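Working notes for the structure below.
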Amino acid sequence: MAQTKFDKQVEDTAESVAFGIGRFLAGRPMDGERKTDATFWRKGTRVLPKVEGKVSRSSYRAGWQRLVFRISWLAAAGEGAYLVGSHPDTSAHMVRDVWENPDPAIAAAETGGIAVASAAAVGGVAYGLLTRKRREFMREWVTPLHEALAVPLGMSELTDPRRYLHVPRDFSDDDAQIRIDVPTHMRFNEDLVADLIVKKLALENVSFTWRRAGKDTHVIVKKRKAPPKKLSLSDPGVREILAKMPESAPLIGLGSGKKKVSVDLDADSPHVLISAGTGGGKSTILRCITCQFIHNGALAFVLDFKRISHTWARGVPGVTYCRDIGEIHDALVRLAQEGRRRLSLAEDLADDVLEKEPWRVGPRIVILLEEVNATMAQLKRYWAKIRESGDPKTSPAIDALAEILFMGRQVRLHVLLVAQSATANAVGGPAMRENFATRILVRYTLNAWRMLVPEVSPIPMASEHPGRVQVVTRGRAQETQVLNLSNAEAREWAMSGVHAKGETGPTLHKTPAPAADPLTDAWNTSATELPPAPAVDPAADQDVLADAWSLTPPAPAPAVGPGDTTVPPASPAPAPAADPDDAVVGLREAYEQHLSESVASLKAMRWARQNDPDFPSPVDKRGAEFLYRVGDLKKWARNRPRAGTTDPG
């Protein structure tokens with residue numbers, strides 16, 4: 001007997017119901033289409049080939065998880081139906097009341113709807129805030145890695161990256177571990193996959209551990225030779241490393257495998273840019289670099305508008321600390337003048353002589369420019385306040401900084417510039433920023449990296465580890481653990497080198513210098529020791545070097561040619577000065593005639609002479625009385641620590 005159409009429909013329906021019950025109990029997709037490699041006991045990690053369209057999260061769940069969810073849902077629905085069915089009269093009565101008098105129900109629904117909507121909005125905002133970093137991490141790191149690995153691994157691009165890429169948010173930390181589940185067929189190029197992982201996550205010196213046997217096939221990636229977790233002067237061998245570093249290349253820290261990381265200001269870059277947010281350790285980096293330069297005989301000018309960033313340098317021989325914006329303005333202008341004098345001197349020297357004896361143009365000068373974002377704005381306001389009719393609109397100090405940055409390494413003037421956001425506008429323009437061939441980035445954002453070192457790709461993950469930085473030079477980034485010197489250690493190292501002259505501490509700073517010393521400048525800076533005397537005609541070069549190495553503006557004199565740098569011999573006795581600030585007086589005379597409004601008493605000045613390392617050095621002697629330059633005393637009075645400040649007294 002032929003099967004009727006109705007019988008066929010009944011049979012097909014019964015078969016569909018049977019298959020549906022089987023899929024329900026087996027925890028399989030109800031549509032019968034298997035989209036992932038999930039099994040009844042194991043979660044899925046990838047989408048199967050030839051699957052099209054969006055794949056839901058439930059497709060990645062193991063079968064037993066789907067079965068538990070379905071049974072729980074059916075139980076909840078059955079319980080609700082039972083409660084309604086067991087009280088039919090009550091339910092009917094409630095429906096009739098609502099139908100006859102709907103206003104209370106509508107009011108309750110409105111109130112409940114508002115409450116539900118408010119709760120949903122608050123919950124949505126909270127969820128968005130709590131998951132913002134995770135979403136940014138997925139967008140910047142995990143999803144690009146998935147897009148690079150999907151084809152080489154033979155996986156569908158529809159696969160959820162979170163199912164097989166287990167990348168922790170702190171994957172750049174030394175002890176972090178990355179796990180990537182790979183297909184069991186292993187029909188892919190392991191070297192290609194490893195290379196893509198290194199490139200997309202910007203990893204360096206990592207090891208790969210492959211598990212190929214069984215169903216749990218994966219690869220573990222972790223750092224092989226990480227930089228030290230911390231680095232201090234007391235660590236074994238660090239003092240010896242510092243002592244052996246070249247004079248032009250101070251140690252910044254140690255990289256992977258304890259490799260020394262430094263920047264050579266004569267060979268790599270004459271200037272260094274440090275970009276970091278608050279608390280990133282900018283002052284630690286500057287302290288480490290600068291104290292080594294001073295140790296080797298360089299002069300340092302600390303232009304610190306915050307006034308307290310480098311208290312370790314107060315009273316250190318060879319350091320001029322400019323805290324007032326007027327002092328910073330004047331210092332930049334005079335340093336540019338010094339650079340021009342050195343350029344003129346370098347022009348007169350033969351190239352081979354300048355290469356073999358670079359000290360001929362003068363001692364190395366390191367300029368620390370702290371918080372350039374705020375300092376540049378203050379310099380502009382300061383100039384707008386003091387400029388007179390006919391003066392240029394642009395601050396001479398900003399022009400001087402640009403001039404210093406464009407000078408070659410032959411003049412031995414080096415700028416260490418610190419910025420929280422080193423935009424072109426903050427440092428004076430894109431051309432000025434390009435003079436920093438070496439850049440140190442700390443706790444940077446992706447935008448900061450793209451702005452400062454776009455040539456280095458991929459971008460390494462910023463580390464939250466204290467003291468961990470990226471030193472970028474010659475188009476290559478080196479992860480580095482910065483040498484952390486305490487204030488006392490930095491001060492001790494700076495004063496233990498060329499400037500020590502057998503003494504340490506404030507006593508050296510206050511030792512009277514000989515009146516005829518050509519290297520003593522008017523900014524109260526102890527000078528470096530002279531380099532070896534030239535072999536050819538030293539007498540003829542004496543006055544040239546004295547003028548080229550002095551940062552003191554020349555005294556009024558008849559006009560001379562640009563090549564004439566000779567200065568008259570120093571007089572053993574102070575001559576009357578046209579400028580009152582150049583007058584040389586004793587303490588009592590200085591207090592009574594110039595400082596009575598700035599200093600509480602003569603006794604306070606005498607106390608400061610014995611205890612304040614910033615108190616100016618005497619420039620001459622009258623019998624047993626020391627004599628001081630009025631301008632130096634005024635500068636000290638203007639910048640001395642006041643009550644309530646954090647400057648040490």
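Side-chain atoms are counted along with the backbone in the values below, which use heavy atoms only and exclude waters and symmetry mates. On a predicted model such as this, the values are computed, not experimentally measured, just so you know.
- Salt bridge status for Asp581 with Arg629: absent, with no side-chain N to carboxylate O gap under 4.0 Å.
- When atom types are taken as modelled, the side chain of Thr375 and the backbone of Glu370 share a donor-acceptor pair closer than 3.5 angstrom.
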Q. Between Val361 and Gln410, is a side-chain contact (heavy atoms from CB on, under 4.5 Å) present by the stated rule, with each step listed?
A. CA-CA 8 Å; Val361 299; Gln410 291 84 0; 6.0 Å; no

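- Judged by distance alone, with hydrogens and angles left aside, the side-chain atoms of His414 form no donor-acceptor pair with the main-chain N or O of Val366 at under 3.5 Å.
- A distance-only check finds no donor-acceptor pair linking the side chain of Arg224 to the backbone of Gly257 [under 3.5 Å].
- For Tyr321 (side chain) and His310 (main-chain N/O), a donor-acceptor pair under 3.5 Å exists by modelled atom type.
- Side chains of Val198 and Val206 form a contact here, defined as non-hydrogen atoms less than 4.5 Å apart.
- Ala300 and Thr290 make their closest contact through CB-CG2, 4.0 Å (heavy atoms, listed as atom of the first residue, atom of the second, distance).
- Between Arg323 and Asp614 there is a salt bridge, since a side-chain N of the basic residue sits under 4.0 Å from a carboxylate O of the acidic one.
- In this structure, the side chains of Arg287 and Asn487 come closer than 4.5 Å at one or more pairs of heavy atoms.
- Shown here for Glu464 and Arg443, the closest heavy-atom pair between the two residues is O-NH2, 3.9 Å.
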Q: Kindly determine whether Ile252 and Ile440 satisfy side-chain contact (heavy atoms from CB on, under 4.5 Å), including the steps that lead there.
A: CA-CA 10 Å; Ile252 298 175; Ile440 303 176; 4.0 Å; yes

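- The local environment of CD in Glu347 is sparse, with at most 12 non-hydrogen atoms from other residues, nucleotides or ligands closer than 6.0 Å.
- In this structure, CG on Asn484 lies 10.5 Å from CD1 on Ile285, to the nearest 0.5 angstrom.
- The only member of Leu303, Leu401, Leu332 that meets side-chain contact (heavy atoms from CB on, under 4.5 Å) when paired with Leu379 is Leu332.
- Just one of Lys230, Lys258, Arg468 meets the side chain to side chain donor-acceptor pair (under 3.5 Å) condition when paired with Gln481; it is Arg468.
- Pairing each heavy atom of Ala462 with each of Ser172, the nearest pair is O-OG, 3.8 Å.
- Tyr382 places none of its side-chain heavy atoms less than 4.5 Å from the side chain of Ile328.
- From Phe305, atom CZ reaches atom CD1 of Ile325 across 5.5 Å, with rounding to the nearest 0.5 Å.
- Side chain of Asp266 to main chain of Ser248: no donor-acceptor pair is present (N/O by atom type, distance under 3.5 Å, no hydrogens or angles).
- Looking at heavy atoms from C-beta onward, Trp493 lies out of side-chain contact with Ile294 at the 4.5 angstrom threshold.
- With rounding to the nearest 0.5 angstrom, the CG atom of Asp170 is 12.5 Å from the NE2 atom of His465.
- For Gln292 (side chain) and Leu251 (main-chain N/O), a donor-acceptor pair under 3.5 Å exists by modelled atom type.
- More than 12 heavy atoms of other shown residues, nucleotides or ligands fall within 6.0 angstrom of atom NZ in Lys229.
- Nearest approach of Arg476 to Val456, heavy atoms of both residues: N-CG2, 4.2 Å.
- Ring geometry for Tyr628 against Phe615 counts as perpendicular: the plane angle is over 60°, on a 0 to 90° scale with 30° as the lower cut.
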Q: Mind running side-chain contact (heavy atoms from CB on, under 4.5 Å) on Leu265 and Phe293 for me, showing each step along the way?
A: CA-CA 11 Å; Leu265 298 187; Phe293 277 124; 3.1 Å; yes

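- Formation of a donor-acceptor pair under 3.5 Å by the Thr480 side chain with backbone atoms of Gln478 is found in this model.
- When side chains are defined from C-beta on, Ile365 counts as touching Leu335, because their heavy atoms get closer than 4.5 Å.
- Contact check on Arg360 versus Asp348 returns no salt bridge, with no Lys/Arg side-chain nitrogen under 4.0 Å from an Asp/Glu carboxylate oxygen.
- Between Glu403 and Arg340 there is a salt bridge, with a side-chain nitrogen of the basic residue lying less than 4.0 Å from a carboxylate oxygen of the acidic one.
- When every heavy atom of Ala437 is checked against every heavy atom of Ser269, the shortest pair comes out as N-OG, 3.3 Å.
- The CG atom of Asp391 sits 8.0 Å away from atom OG of Ser389, with the distance rounded to the nearest 0.5 Å.
- A 4.5 Å side-chain heavy-atom check between Pro317 and Met495 finds at least one atom pair inside the cut-off.
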Q: Output, in order, the C-alpha distance, side-chain angles, deciding distance and verdict of side-chain contact (heavy atoms from CB on, under 4.5 Å) for Val482 and Val442.
A: CA-CA 11 Å; Val482 174; Val442 191; over 6 Å; no

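- Residues Ile289 and Pro250 share a closest heavy-atom pair of CG2-CG, 3.7 Å.
- Side chains of Arg412 and Pro358 form a contact here, defined as non-hydrogen atoms less than 4.5 Å apart.
- Judged by distance alone, the side chain of Asp235 and the main-chain N or O of Val238 form no donor-acceptor pair under 3.5 Å.
- The residue from Leu417, Val415, Val372 that alone fulfils the side-chain contact (heavy atoms from CB on, under 4.5 Å) condition with Leu273 is Leu417.
- Between the CD atom in Glu338 and the CG atom in Leu343 there is a gap of 10.0 Å [rounded to 0.5 Å].
- The number of heavy-atom neighbours closer than 6.0 Å to NZ of Lys634, taken from other residues, nucleotides and ligands shown, is above 12.
- In this structure, Arg439 does not pair ionically with Glu455, as no charged nitrogen and carboxylate oxygen lie closer than 4.0 Å.
- In this structure the side chain of Glu479 never reaches within 4.5 angstrom of the side chain of Val261, judged on heavy atoms.
- Between Tyr444 and Trp449, the ring planes lie tilted relative to each other; the angle falls in the 30° to 60° range.
- The backbone N or O of Trp383 lies less than 3.5 Å from no partner atom in the side chain of His329, so there is not a single donor-acceptor pair.
- Summarising the geometry, atom CH2 belonging to Trp141 is positioned 9.5 Å from atom NZ belonging to Lys200; distances are rounded to the nearest 0.5 Å.
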